[in-house]
Amino acid sequence: MQKKQMGRTGVMVTDMCLGTMTFGTQTSEAEGHRQIEMALAHGINFMDTAEMYPVNPVAKETIGRTEEIIGSWIGANPGRRDAFVLATKHSGEGLMAVRDGAAITSESIPATIEASLKRLQTDCIDLYQFHWPNRGSYMFRKNWTFDPSSQNKADTLAHMEDALGALQREVERGTIRHFGLSNESAWGTTQWVATADRLGLPRVATIQNEYSLLCRMYDTDLAEVSINEDVGLICYSPLAAGLLTGKYQGGALPEGSRMAINGDLGGRKTDRVFPAVAAYLQVAADNGLDPTNMALAWARQRPFMCSVIFGATTEAQLQHILDGTELVLSDEVIAALDHVHKAHPMPY
């Protein structure tokens, strides 16, 4: 592994980040605590969560449970809070299970931060992220029908100023250190950056979007934003919800797996995705590589990557991932993966 700087913050994080979104549903509290211990023991210093977690499924009665599980570990290990950078997220508008679908506003930000701090049993959140923009997002397979024509630029920019002002007050209070985005566009990210720079408010350090061998929308406009504005990608779903492990090939449906719970994997299960996965698995086989670790190593080696979020529902899965964190792909393997991408673009 390597350490990368989060934007211009001076904070260095490992290029692998422990994801926790199943803590409280597929992963029990005890198992979650063991995963934290395993990740820290391996040298990983970055952990990501969100107020809305756990998922699979998202339910009103479990909102915040993942933060509580992380918090119970922090509470039991008070001297180890500085061992990792902790990131969480404020949900955007429309998710009725969280605050009845309320939008991100200067009024919601302080209360939402306080609630996360209480659940996490900590005094400060290192990276506070907006989970998706109020105006909507083309992520979550909405890119196929995305239509921004109803957006109001003046309202969006006013919201950015309002929200950044609230974040600045939280920085001054000491409740958060840095700010990040999630599920954002190139236009949105540059507007957040420009607004912060113009007004001297918290600057975007990172953006958390989906990215994998099967989902490469970040490769063009957002890649350019990352490089030129120093906003690194923290990617989620680098294994495409488990598809790139190969465990769903041939109609397989492992008991307790994400597909067994969420049948279409959030729109990722399509007729075209399984031939694409087969082609990537063949590259791994041709080069004597484990497909899971190949997919994660490829993501880590992208030029705009800050950190790759990985998740595991079992300790065995986590150990498998940790065992591959030193893998570096050759130029020949990367070329072969690019060839597959050209043959199987956008399979979902």
Side-chain angles (χ1 to χ4, degrees), residues 6-7 21 48-55 58 60 63-64 66-67 86-120 124-140 142 146 148 150-210 222 225 229 231 233-234 236:
M6 289 198 318
M21 71 178 187
D48 178 74
T49 189
E51 64 162 335
M52 66 169 276
Y53 293 166
V55 301
V58 174
K60 193 166 188 174
I63 293 298
T66 301
E67 288 186 330
L86 178 59
T88 193
K89 310 181 200 74
H90 184 311
S91 298
E93 184 173 3
L95 183 64
M96 297 309 295
V98 182
R99 287 174 280 98
D100 297 321
I104 299 168
T105 67
S106 58
E107 289 76 29
S108 71
I109 289 167
T112 304
I113 288 174
E114 285 295 338
S116 286
L117 290 172
K118 182 178 180 180
R119 289 189 292 263
L120 290 165
C124 185
I125 296 161
D126 299 307
L127 179 66
Y128 197 64
Q129 304 158 102
F130 291 162
H131 210 151
W132 60 88
N134 287 344
R135 68 183 192 281
S137 171
Y138 58 72
M139 304 299 286
F140 318 115
K142 294 179 180 179
F146 182 64
S150 64
Q151 293 181 15
N152 183 295
K153 181 179 179 180
D155 289 349
T156 297
L157 296 180
H159 158 67
M160 290 178 177
E161 290 188 14
D162 183 57
L164 288 171
L167 291 173
Q168 178 62 34
R169 291 188 288 275
E170 294 304 311
V171 170
E172 291 167 357
R173 282 207 311 139
T175 59
I176 66 171
R177 292 194 173 93
H178 305 292
F179 167 53
L181 298 169
S182 183
N183 297 301
E184 256 293 5
S185 67
W187 180 82
T189 303
T190 56
Q191 294 304 312
W192 283 105
V193 169
T195 302
D197 287 349
R198 176 169 52 85
L199 299 175
L201 296 173
R203 194 178 198 276
V204 177
T206 57
I207 177 172
Q208 186 177 144
N209 280 18
E210 182 171 356
L222 276 163
V225 172
E229 300 295 345
V231 179
L233 173 62
I234 302 173
Y236 67 83

Are any of the side-chain heavy atoms of Met139 and Phe146 separated by less than 4.5 Å?
no
If you measure from CZ on Phe130 to CE on Met160, what distance do you get to the nearest 0.5 Å?
10.0 Å
Residues forming a salt bridge (charged side-chain N to carboxylate O under 4.0 Å, His left out) with Glu210, sequence neighbours excluded:
Arg141, Arg268
Would you find a donor on one side and an acceptor on the other, under 3.5 Å apart, between the side chain of Asn209 and the backbone of Glu184?
yes
Short side-chain to backbone donor-acceptor contact, Asn134 and Ile104, under 3.5 Å
yes
For the CZ atom of Arg135 and the CH2 atom of Trp187, what is their distance to the nearest 0.5 Å?
5.5 Å
How close do Gln168 and Leu201 get, counting heavy atoms only, and between which atoms?
CB-CD2, 3.8 Å
Just by distance, no angles: are the side chains of Thr49 and Arg119 close enough, under 3.5 Å, to form a donor-acceptor pair?
no
Thr189 side chain near Glu229 side chain, heavy-atom distance below 4.5 Å
no
For Ser182 and Gln129, which I'm curious about, is there any donor-acceptor pair between the side chains at under 3.5 Å?
no
In Å, rounded to the nearest 0.5 Å, how long is the span from OG1 of Thr88 to CD1 of Ile176?
11.5 Å
Show every salt bridge (Lys or Arg N to Asp or Glu O under 4.0 Å) that has at least one partner inside residues 103-118, sequence neighbours left out.
Glu114-Arg173
Would Cys124 and Arg177 count as a side-chain contact (heavy atoms from CB on, under 4.5 Å) if you check the C-alpha gap in whole Å, the side-chain angles of each, and the deciding distance to 0.1 Å?
CA-CA 7 Å; Cys124 185; Arg177 292 194 173 93; 3.5 Å; yes
Below 4.5 Å, heavy atoms only, C-beta onward: do Gln191 and Thr156 meet side chain to side chain?
no
Does a side chain donor of either Thr175 or Glu170 reach within less than 3.5 Å of an acceptor in the other side chain?
yes
Do His90 and Trp132 have ring centroids that are under 6.0 Å from one another?
no
With a 4.5 Å cut-off on side-chain heavy atoms, are Asn183 and Tyr236 touching?
yes
When rounded to the nearest 0.5 angstrom, what distance separates CD in Glu67 from CG in Leu120?
4.5 Å
Counting distance only, does the side-chain N/O of Thr195 pair as donor-acceptor with the main-chain N or O of Trp192 below 3.5 Å?
no
His178 side chain reached by Val171 side chain, heavy atoms, under 4.5 Å
no
Is there a side-chain contact between Val193 and Val231 in this structure, where contact means two heavy atoms from C-beta onward sitting under 4.5 Å apart?
yes
Main-chain N/O of Ile113 paired with Ser116 side-chain donor or acceptor, under 3.5 Å:
no
Ser185 OG to Leu222 CG distance, which is reported to the nearest 0.5 Å
7.0 Å
Heavy atoms, side chains only, cut-off 4.5 Å: are Arg99 and Glu51 in contact?
yes
From Ile234 atom CD1 to Thr206 atom OG1, the distance as rounded to the nearest 0.5 Å
3.5 Å
Is the shortest side-chain N to carboxylate O distance from Lys89 to Asp48 below 4.0 Å?
yes
Do Val58 and Met52 come within less than 4.5 Å of each other through their side chains, counting heavy atoms only?
yes
